[in-house]
Amino acid sequence: MHFKLQSVFSALLLSASVVNSQHIEPFPEIPKNLALAGYKYGDEIPLECIQRNMETGEHKFDEQGNIIYAPFPKCFETDSPLTLKYGVDEIFNCTIDLGHEFFHVFQLYIHEDVPFSCRIPFTKSQTQNPAPPADSPEAKAATLYTSLTFNIRGRVQESHLDIDPFLNVAMVANTSAGSIISSIGFSSGSKAQRFIIGDSLPLAMAVRWYQGPKLPTASEAYFSGSAIFFYSFATFVFTAAICASVFYYYVFPKKLKAELRTTLPLTNQFYNTKSD
Ligand SMILES: *[C@@H]1O[C@H](CO)[C@@H](O)[C@H](O)[C@H]1NC(C)=O
Ligand SMILES: *[C@@H]1O[C@H](CO)[C@@H](O)[C@H](O)[C@H]1NC(C)=O
């Protein structure tokens, strides 16, 4: 029963979100007085990350109440903060220092109390016309960014952290505009390593760029961001959920159901779990 309600409910939620998505606005919204110059292949992209209180994980704020960002920690290999290169697929190491404060913040990341949130400029340069004074709040507020969040997995242990330091970084670019549509970094190794306060953490990064808002799937089909596709997909899911529920609960003969439970290992397992 739970299963049926859940699937119908999630299908309803999905279609509700489709109704909302009909109010389409550009993202990011580019102000009229902002002139953008796109990245070119190989251009350096600086990363900056939200600074957090090591006790609570709360953002740090400046006197005006703005969230404080700072460059991504320095990589020992280059002796400078991590940067990416526009359009360049690359594999490299960036070893960072897990000093006292950052180690505690890292515990919060690994425990998934707070996200490891960074951002990168949406385009190479962004010029306001007329230009406000440099470093004024208006100048800072105008910059458009794309978020780059690192989902680093591991376990918080009593005396140390187990961290999977092998990261995939997926970058989605609009190459005709030289902008960055979206990006994400996530642990993908099959091993975790042990780290204590003061250790250095060798992040092994594999960066891969994708052109346009589409990621190839395993079957080489494409997931598209288009509203029409999404609408028909949601309708499909909704209809399928209703059909499946009707078939499973009303049309399937009881006997067949009983048989399925005993003969199919997966179904069997499913019915033996507590959640059912
Ligand atoms: C990264 O570091 C590991 C371990 O030290 C090393 O084996 C590997 O070759 C390095 N990779 C690159 C791309 O430098
Ligand atoms: C790429 O950027 C151009 C210029 O801003 C815009 O017209 C176009 O819709 C963008 N394409 C995608 C896929 O975001």
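Just so you know, ligand 1 is whichever comes first in the structure, and atom 1 is the first atom listed for that ligand.
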Asker: Working to the nearest 0.5 angstrom, can you tell me the gap between Asp97 CG and Phe76 CZ?
Answerer: 4.5 Å
Asker: So do Tyr86 and Ile180 actually touch side chain to side chain, heavy atoms under 4.5 Å?
Answerer: yes
Asker: Ring centroid separation for Phe116 and Phe72, is it under 6.0 angstrom?
Answerer: yes
Asker: Hey, does Asn174 come in under 3.5 Å of ligand 2, counting only N/O atoms on both sides?
Answerer: yes
Asker: Quick check on contacts: which atoms of ligand 1 are under 4.0 angstrom from a heavy atom of Ile91?
Answerer: 13 (C)
Asker: Starting from atom 4 (C) of ligand 2, locate the nearest protein heavy atom and write down its residue, its atom name and how far away it is, to 0.1 Å.
Answerer: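 Answer for atom 4 (C) of ligand 2: Ala177 CB, 3.9 Å.
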Asker: Answer yes if a protein heavy atom lies under 4.0 Å from atom 7 (O) of ligand 2, otherwise answer no.
Answerer: no
Asker: Going from SG on Cys49 to CD1 on Ile67, what distance comes out if it is rounded to the nearest 0.5 angstrom?
Answerer: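 Atom-to-atom, Cys49:SG and Ile67:CD1 are 13.0 Å apart.
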Asker: Looking at atom 5 (O) of ligand 1, what's its closest protein heavy atom, distance included?
Answerer: Asn93 ND2, 4.7 Å
Asker: State whether the number of non-hydrogen atoms from other residues, nucleotides or ligands found under 6.0 Å of Glu112 atom CD is greater than 12.
Answerer: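 Incorrect, the count does not exceed 12.
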Asker: For atom 13 (C) of ligand 2, what is the closest protein heavy atom, and at what distance to 0.1 Å?
Answerer: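 It is Pro213 CD, 3.5 Å.
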Asker: Looking at atom 2 (O) of ligand 1, tell me if a protein heavy atom falls under 4.0 Å from it.
Answerer: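 Yes, at least one protein heavy atom sits under 4.0 Å from atom 2 (O) of ligand 1.
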Asker: If we ignore hydrogens and angles and just use 3.5 Å, is the side chain of Gln126 paired with the main-chain N or O of Lys124 as donor and acceptor?
Answerer: no
